[in-house]
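The chains referred to below are lettered A, B, ... by the order of the sequence lines, with proteins before strands, and numbering in each begins at 1.
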There are 2 protein chains.
Amino acid sequence: MPRPKQALLSRERIIAAATALIDAEGLAAVSTRRLAAELGVRGPSLYNHFATKDEILDAVADSIAAQVEIGMFATEPWQKALKAWGHSYRTALAAHPNIVPHLAQGPGRRPGALRMADAVYGGLVREGWPPARATHIGALMRYFVAGSALGSFARGFVEDPTFYAEDYPHLTQAHRLPEHQRSVDEGAFTLGLDALIDGLTLTYDQFGYGKNLRR
Amino acid sequence: MPRPKQALLSRERIIAAATALIDAEGLAAVSTRRLAAELGVRGPSLYNHFATKDEILDAVADSIAAQVEIGMFATEPWQKALKAWGHSYRTALAAHPNIVPHLAQGPGRRPGALRMADAVYGGLVREGWPPARATHIGALMRYFVAGSALGSFARGFVEDPTFYAEDYPHLTQAHRLPEHQRSVDEGAFTLGLDALIDGLTLTYDQFGYGKNLRR
DNA sequence: TTTATAAAACTAACGGCGCTAGTTTAATCG
DNA sequence: CGATTAAACTAGCGCCGTTAGTTTTATAAA
């Protein structure tokens, strides 16, 4: 088949199909031939739209980062903004855990990830955090969110109830974690995010970072 | 070459060579042929010692998890233990960031990771944390540590000083992050870990979890 | 309107991949 | 001592990312 009258592919269609395939079968299932087959074409046709397979994964990662809400940093106090952003960020990443290792390599030149970094840093500095600390907070939030989306804690344990008894005396109930996966992972994330913000508030108040703000 | 008088390979030698290769050139550089070449043999010989390439990666991951110190949970107050463990855990993982995505899939049946989970959970419960909360704390700590080791925050930014000016008004200094990589990443991790523990201490005190302990 | 160029699909093929089967020889067990 | 197991090997399967070159269509230039 030579060039068709209506293009079969577009960057958007490729990104959507790659995202679906990554979610359904993991990063390892994404080959150019397989992805092309999902789109009804042959493998090399993808190279008319992306230079490499890695560029496709970059585009998938950025389309996910672009879905994270960041407007709250322009309007809300930093604690409220950080909490809302953290939940939005985690929701976006946890919906696509298989791409997280790729996404966590940093923003690079991807506009979605860069707009997020810009909004977070700008919002924290506006609220009185020293620039170096604002950088640290942006970093540690990415650590926490990426780590929580990377792999479910609860699903990491074996479901065989007899497996732990002998060698791991405190893990006798660990086989029950997978069946409560969502509540364990969300409970852990919420506990951690709240603790982080409480702990940062102690520092913020202790050093009086908020005392020169007009509100 | 048929069976040699002295075996050329062992599980330990393979794990060591795989770790070195992963650290030096990344997960993608590890092919059975390449790894075998580093060991002076041909690819298929590895299958006399491991059933699949994935089992090799599992063994690498567990040898790293086994290096994390966990003795403090038997002797120290939970805050001090959590802080020391967090730093030891991060040190071990950050030395091998390329294997973190594999490691963060959970302990599975790997003894090193399971001993760690057992010690952490047991220590927290002994200090009065309710079992569900102890699980959450183990989980959120893994989130934070794995996320921090997964990808350097500071190295994720482009070094070109003109790149950010136009579109990202708050990131005008971001091009300087990579040159301060270690201090930024360690500063962010320490700030976050301290904040987490401070925040958890508020909860611990508020609910009086420590009030029935004999010390 | 004609002509030139660029775009988007294709086929064929290269070297590398994980892994299996079958072979050879040495070590070990009964 | 004979039988079995272990540890290296070679050959090869089907899949991988990517490149080169082909064909046809859409678009831009003259």
Nearest-nucleotide wise, let me know which of B:Ala29 and B:Gln6 is further upstream toward the 5' end of DNA chain C.
-> B:Ala29
Can you tell me how far P of D:dC9 sits from CG of B:Leu39, to the nearest Å?
-> 11 Å
Just to confirm, is there a sub-4.0 Å distance from OP1 or OP2 of C:dT11 to any side-chain nitrogen or oxygen of A:Arg42?
-> yes
Can we say B:Glu25 and B:Arg34 salt-bridge, meaning some charged N sits less than 4.0 Å from an Asp/Glu carboxylate O?
-> yes
Which of the following nucleotides, D:dG17, C:dA9, C:dG18, is nearest to the side chain of A:Lys53?
-> D:dG17
Among the nucleotides D:dG17, C:dA9, D:dT10, which one has an atom lying closest to any side-chain atom of B:Pro44?
-> D:dT10
Could you please name the option among D:dA26, C:dA8, C:dT11 that lies closest to any side-chain atom of A:Lys5?
-> D:dA26
To the nearest Å, how far apart are B:Phe50 CZ and C:dT20 P?
-> 16 Å
Is there a donor-acceptor contact under 3.5 Å from the side chain of A:Asp160 to the main chain of A:His175?
-> no
So does A:Asn48 reach the base of C:dA7 with its side chain, donor to acceptor, closer than 3.5 Å?
-> no
Between A:Arg33 and A:Val41, just flag the one whose closest nucleotide in DNA chain C comes earlier from the 5' side.
-> A:Val41
Please state whether the phosphate of C:dA9, meaning OP1 or OP2, lies under 4.0 angstrom from any side-chain nitrogen or oxygen of A:His49.
-> yes
Do A:Leu35 and A:Ile56 come close enough that some side-chain heavy atom pair is under 4.5 Å?
-> yes
d(CG, B:Leu46; C1', C:dC19) in whole Å = 11 Å
For A:Leu8 and D:dA26, what is the distance between atoms CG and P respectively, to the nearest whole Å?
-> 12 Å
Determine whether more than 12 heavy atoms belonging to other residues, nucleotides or ligands lie under 6.0 Å from atom CD of A:Gln181.
-> yes
Atom-to-atom span, CG of A:Asp54 to C1' of D:dC16 - whole angstrom | 15 Å
Whole-Å gap separating C1' (D:dC15) and CG (A:Leu35) = 15 Å
Is A:Thr32 touching bases, backbone alone, or none of the nucleic acid, heavy atoms closer than 4.0 Å?
-> base
May I ask you to test the A:Leu193-B:Leu140 pair for a side-chain heavy-atom distance under 4.5 Å?
-> no
From the candidates D:dA8, D:dT10, C:dG18, the one with an atom nearest any side-chain atom of B:Tyr47 is C:dG18
Is the distance from OP1 or OP2 of C:dA8 to the nearest side-chain N or O of A:Ser45 less than 4.0 Å?
-> no
